[in-house]
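One structure is given here, and the rest of the page talks about it.
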2 protein chains.
Amino acid sequence: MAQTRREKLRDATREEIMSTAWKQIGEVGASGLSLRGIAREMGMTAPGLYRYYKDRDALVTALLMDAFGSFTSALETGRGTRKADDHAGRFSAMCKSYFQWAVQNPQRYMLLFGTPIQGYMFAEELGPVARRSFLVLQGVIGEAYVAGKIKGELTALRLPTSLKVQYEALGKFGMPYTGTVTQLALSAWSMIHGMTSLYLYNYLSGFLQGSVDAFVDFEIEKMKKILGLE
Amino acid sequence: MAQTRREKLRDATREEIMSTAWKQIGEVGASGLSLRGIAREMGMTAPGLYRYYKDRDALVTALLMDAFGSFTSALETGRGTRKADDHAGRFSAMCKSYFQWAVQNPQRYMLLFGTPIQGYMFAEELGPVARRSFLVLQGVIGEAYVAGKIKGELTALRLPTSLKVQYEALGKFGMPYTGTVTQLALSAWSMIHGMTSLYLYNYLSGFLQGSVDAFVDFEIEKMKKILGLE
DNA sequence: TAAAATAGTAAACACTGTAAACAATTGTAA
DNA sequence: TTACAATTGTTTACAGTGTTTACTATTTTA
């Protein structure tokens, strides 16, 4: 079923609102986002925006959806630069893409993983989208795992029962891979997010100045060694 | 030199402003902090607050100073629960304290390491205070290192030259310990912060439910094994 | 006791998100 | 083509924010 002319215009306006919002966020940061500012830049008045988004939170949710999509794509693209059986390469490339995307889209990353905007409540519908991002990471580790390419001794550590039970429960809800893989993925995610987040909030640059990339690369390689990925 | 009566009252009011601010932050989150709200709760009008803090950012800076102090104390207290030569114990205890402080003071932690408030610019004077927190972590690792208790193979990885050069430059500015120690400390900080931050922003609880502590403990033990700490 | 410093208020300005009422535009059906 | 309906936008208004200015009490000091 084709889009009517009106629907096309409507979608275009929605698009323009989003891109104007991103422009604003890029300039003044996510916390400085303002409906009135968006409207002003678009040459209309603020209440008009309410025809397109229920309220400011709805717009923020749409922005988050958009950002998660871009982020996940970046991870997938990074992963895709290496052949499917080059598990170590895929892991490095994906981690590198993770960090680079964040550096190139700092405000976007902070919007996703930092303190949200004034009183914004994380929308339910974002859960699955966020999970998709994680699945890329979990997938890379999981595929390496089932291929027997993860040989780190620390991988063989026995998980405490409470975690084991928890991960098994997840499996019943359709989560792929074993508990070990999930544990490794959550661990890797924590590490990458930690570096990224500290860097974006300027806690690393005091120590590292221009050598941040070297630091991150070094730690990614270390993670690979810990996993015994080869 | 004793405090005059007026100075005592002034300090008391400053204190009351701070505690009221913390109360507000605890209730509605850091982004919901409002000068008018503070004044309201204190039974005065908003402009009166300007006699005590130059503007909202100055108050936030004071809050950050306060939070950093509390945070650093928590780390030191955790470290202090083990004897000076029990390096492995000190490391675990400090990491545990890190996470626990964050869980008990989520809004405070987010204020320190998350997206700051609407348009707030990180004040210069916070640099040294923030560094003091890091020095606790670096100290624990550094003391273990000089005592020869860090025997992990991954510790012996050769640092890329750019990092080496950078760390040596830091030494000239009075940073203690070698480049290796700084690298290990930054790495550990990234990991702990990553777990903490993901947890506070609810990205882990979906996977871990009530088993978050088990996850964190497990990863702390893993870090110890990686460091070869014993 | 007079002067100076301090603490607080009231009113105003420029912002913000949002709701209600209304006008203008566009699309559809008789 | 005309009449109606749906949609899009504006105007106005309200309640909230940080902040400045002018003014008034109060307290301390000389």
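Just so we're on the same page: letters track the sequence lines, and every chain starts at 1. In what follows, every heavy atom counts, from backbone to side chain, and hydrogens, waters and symmetry copies are set aside.
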Problem set entry | A:G37 or A:K54, whichever maps to the more 5' nucleotide of DNA chain C | A:G37
Exercise. Under 30°, 30 to 60°, or over 60°: which ring-plane class applies to B:Y203 and A:F113, parallel, tilted or perpendicular?
Worked result: tilted
Seminar exercise, completed: Whole-Å distance, A:Y50 OH to C:dA19 P, equals 6 Å
Seminar exercise, completed: Among the nucleotides C:dA11, C:dG8, D:dT11, whichever has the atom closest to the side chain of A:P47 is D:dT11
Problem set entry | Reference residue B:F207; test ring-ring contact (aromatic ring centres under 6.0 Å, His included); the match among A:Y177, A:Y167, A:F134 | A:F134
For this session: Let me know the distance between CZ of A:R51 and C1' of C:dA20, rounded to the nearest Å.
Result: 11 Å
Exercise. Between A:R36 and B:R56, who's closer to the 5' end of DNA chain D by nearest nucleotide?
Worked result: A:R36
Exercise. Taking B:E76 for the side chain and B:V136 for the main chain, is one N or O donor matched with an acceptor at less than 3.5 Å?
Worked result: no
For this session: Provide, to the nearest angstrom, the distance between the CZ atom belonging to A:R40 and the P atom belonging to D:dT10.
Result: 14 Å
For this session: Determine the contact category for B:Y52: base if any of its heavy atoms lies under 4.0 Å from a base atom, sugar-phosphate if only primed atoms, P, OP1 or OP2 are that close, otherwise nothing.
Result: sugar-phosphate
Exercise. To the side chain of B:R10, which of C:dT18, C:dA7, D:dG16 is closest?
Worked result: C:dA7
Exercise. In whole Å, what is the span from the CE atom of A:M44 to the C1' atom of C:dT18?
Worked result: 14 Å
Problem set entry | d(CG, A:L49; C1', D:dT7) in whole Å | 16 Å
Exercise. What is the distance from CD1 of B:I38 to P of D:dG18, rounded to the nearest Å?
Worked result: 8 Å
Problem set entry | Minimum-distance pair of heavy atoms, taken over all atoms of A:I220 and A:C95 | CD1-CB, 3.5 Å
For this session: Please assess B:Y109 against B:W101 for the test side chain to side chain contact (heavy atoms under 4.5 Å, CB included), listing each intermediate value before the final yes or no.
Result: CA-CA 8 Å; B:Y109 190 86; B:W101 186 89; 4.1 Å; yes
Exercise. Which residue, B:L9 or B:L33, contacts DNA chain D at a nucleotide closer to its 5' end, judged by nearest heavy atom?
Worked result: B:L33
Problem set entry | Gap between atoms CG and C1', on B:L35 and D:dT20 respectively (whole Å) | 14 Å
For this session: Would you indicate what A:S34 reaches in the nucleic acid, counting non-hydrogen atoms under 4.0 angstrom: base, sugar-phosphate, or nothing?
Result: sugar-phosphate
Seminar exercise, completed: B:M42 CE to C:dA7 P, in whole Å, measures 13 Å
